[in-house]
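Everything on this sheet refers to the single structure shown next.
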Amino acid sequence: MRLPRCIRVLTRATAHVLMNSKTEPKSDEELMTEIAAGDSSALGQLYLRHNGAVRAMIRYVAPKMSRHDVDDVTQEVFLSLGKSARLYRHRSLFNAFLFRIATNRTRDWQRRSWLRFQFFKVDEQQAAQPALIDSENTPSKQTMLSRTIRQVLQSLSYEHREVLVLRVIQGFTCDEIAVILKIRPKTVRTRLHRARSAVMEHSHASVWKDVLSENTP
Amino acid sequence: MNACNRIHEYLDGSIVGSDRIRFETHLSDCRVCAGKVAHWRAFEKAVRQDASDIACRPDTAEQFFRQQVESAFVQNAAHSGWRMGLSRPVLIGAAVTACVVLFFGLFLGFSDLPTTETDDSTLASIPITRFFVNGSEAKTTTVPGESIVTGVDEKVLVFLTDDRVAVGRNSQMTVKNSAIASTQLALLHGWFACSVSKRHGVERFFADTADGRFRIAVKGTRFAVQYTCDELAAGELVPLFQVAVTDGVVEVTERKSRKWTLRADEQLVIYTDGTATVEAISASNRTVVRQLLKPEVDDAAIHVASQSEGKKPEADAKTEPSDTAPVEPVSEMELSSARKRERTKPSASAGDAAVSLAQIKQWIGMGRYKEAISALESRLKTANSDSESWRLLAECRRKTGNYQGALTAYQQVVAYASVPVANAARYKMGLIYQDHLNRPADAIVHFSKYLAGESQLLRAEALYHLGKAEYSVGKKTQAKTHLNEVVNNHGATAAAVKARRLLQKMGPADPQQ
C-alpha cells in the first residue's frame, strides 16, 4: 500500500531533520584538516565561526583602522589561515594559531599604513574613518562607550594594546598570549600590568567615569 | 608584601587559595583597591559588550564575505604549487648564485680592477702593415705575434723603438708625450703589452719599466698597471699600481693611497723589486712612437731623437771615431745606424769607469742617490765633459735637496751637452729657481732661454712656468700673455689646465701695466 504523497514528504523531511540534529558540528581542528585537503566550504564555516572575534580584535588593536580596512584584514587573516592550513598541528590550540595570524596581519597593516603615511603624506586621521563611530550621526550611549574605549586604547602603545585586547576580549591566558605573540610569559605579564595601570589612570577621566558608573556592578 | 601591590595578580587570577581569600578580605577593607578592581571589572564588561556588538553583523554581510573568502581561497589554491613548492628552491638557488658571483667577484676577479668600468672590449686585433724596430722598418714576420692592438677606429698604430725595448731584464720603455696625446695609441711588443686610450681628457702618460713585464690595461677612465718580474710564474700579472688621469695630471696610487703625481715632463720608473721612482724624461731615453696616420708626430720625434744622439760635444767627438757623429739623419735607416753607433759608445766609456751608467741609473731608480752621486763624481773626474753624467748628477742632487749643486751640474750640462739636452737643462734650472729657491727672476731668465732654444718639447709647461714666475714678480700683463698662449695653443695639456686656474686667480687685466 502506497502512502499518500503528503505523508511521504513529511516523513522524509522529519527524518532529514532528525538526522541533521544528530550530527554534531565539526570541530575547528577537523575543519582545518578539510581545508588542508582543499575544501573551501570548511574555510567558510571557520570564517562564520570566528570572524567576529577576529574583527573585534583587529578593531581594538588598530583603532585607526576604517571599517573597510577591518573587513579586508579579516579576509586576509582567513585566507592566510587557508594557505597555512598544512602547517597547522593539532597539538596546538586553534585559537592561538588563528590569532597569531590575525596579529601578524594587523601588524602588516600598521606597517603599510605607516609607509603610506610617510610616502604619500596621507593624514591617517582623515584617511581612516574610525569604524566605531563613522556610521553614527547622533552619538548614542553605546557610541559614547565605544568612542571612550577607543580613546583609552589609543592612549596605550601597540604592544600593550595587543596584550590587553587578547587578554580582556578573547580571554587568553598569559601563556597563550605568549605563544600567540612569540614572547615570554613574563613579558606578557609585564605588558599587561602596565596596560592595566594605564587604563586605571584613565578611569579618573570624567567621561570614563560616567560610562563606568553605568557599567559598574 | 603589601596587599595593595597584588591587585594585578588578583586580576590575572594568579592568586589562589588562602592568598586569594586574604586579598579579598583586604578588598573589603581597602576602598582604593576595591575601587580599582571595580573599575577594571566595569572596563572589562564594557569592552566585551562592545566587542560583541562589533562581532554581530547582518547575515547577508556574513555570507557575502564568506563567499569572498572561499572564492579567494580556491583561486589561491591554483597557484599553491608555485608558492608552496617551487618558490623556495628557486629563491634559494638565486641566493646561492648571487653569493657565488659576489664571492668570485669581490675576492678573485674584481679586486684586481681599480674601477668597475671594464670597457676594454672594443679593442681589435688586425695584421700589421708597418713596423719599426731599432729605427728601421722591419718585416711583419719578425714581429712577435704578428698583430697589434688597435683602437676602436681600427687605425693601425705601430711604434718605433730603440734597443732598450727588448725582452729581458733592464729593458726600458717610455711612451712619448706627443704620441700619447694622439687619439688612440696601442703598443704590443714581445713581453710588453701596452694599450692606452684617450678618453675623458686623457692627454699624457709616461711610463718606464726597468724589468719584467709591464702592462697598462684600459679600464674606462682609469688605467690598471700590472707588473710582473721574471721570478714570478709565466703569465702571472700582479696588480701593482693604479693610474688615473685627472686634470691632465697622472696620479699613481698603490693600494688606494696616492703614491705619485706625474707632471707632463716626468715619468714613472718601475723596478724589479717593486720600487718605483719619478724621474724627468730625458731625450735620450725616449722611445719614438710613430702613428701611421699621423706621420708628422713621428717625424718630429725622430728629428728630436736624432738631434739628441747626433750632436755630441766636441770634446767627446775628438775621442770617438769620426763616423759616430752623423749630422741630421733624415731617414729612418740613417737613424738606425746612428743608434747602433751610439750603442757602442757607452760600452767603451763604461769600461773606463768603475761603475757603468746603467748601474748608476739603476741606483737612482732605487733611490740610492748617495751611491750614485759618489760614482758620478768619480766618473766625472776622469771624463769631465760627459754631459750624461753631469745630467744624472744634477738629478741626484736635485732629489737629495742639493739645489745649488744641481744648478752647478746643470750648468755643466748646458756647457757640454747637445742642444736639446742643454735646453732641457735650462728648463730644469728654471724649475729649481722657481719652485725651490724662490728666485722667480732667475727662473724667468732660464725659461726664456729655453723658449728661445731650438728644442721645445716642453713648450707648454715652460710657458706656464714663465707666466707663473712673471706673475710672482708683478709682471701681470706678460704673465697673462704667456698663459693665454698656453691656453690657446696647447689647450689639451696639463699646463693649460693650470694656466686657466692661474688666469682665473689673476682676474681681469690691469690696464696700467
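Chain letters run A, B, ... following the sequence lines, proteins first, then strands; residues in each count from 1.
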Table please: side-chain donor-acceptor pairs of residues 98-105 of chain A below 3.5 Å, with sequence neighbours left out.
from	atom 1	to	atom 2	distance (Å)
A/R100	NE	A/V179	O	3.4
A/R100	NE	A/I180	O	3.4
A/R100	NH2	A/V179	O	2.5
A/T103	OG1	A/F99	O	3.0
A/T103	OG1	A/R100	O	2.7
A/N104	ND2	A/R100	O	3.2
A/R105	NE	A/S80	OG	2.9
A/R105	NH1	A/D108	OD2	2.9
A/R105	NH2	A/S80	OG	3.2

Original post:
Closest approach of B/V47 and A/Y60, non-hydrogen atoms and distance?
Top reply: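 Here B/V47 and A/Y60 meet closest at O-OH, 3.8 Å.
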Original post:
Taking all atoms of both residues into account, what is the closest heavy-atom pair of A/R196 and B/L11, and its distance?
Top reply: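 A/R196 and B/L11 have their closest heavy atoms at CD-CD1, 3.4 Å.
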**OP:** Heavy-atom distances under 4.5 Å only: say whether A/T74 touches chain B with side chain, backbone, both or neither.
**Re:**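 For A/T74, no heavy atom lies under 4.5 Å from chain B.
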Please set out all donor-acceptor pairs under 3.5 angstrom arising from side-chain atoms of residues 184-194 of chain A, sequence neighbours excluded.
from	atom 1	to	atom 2	distance (Å)
A/T190	OG1	A/K186	O	2.8
A/H193	NE2	B/H8	NE2	3.4

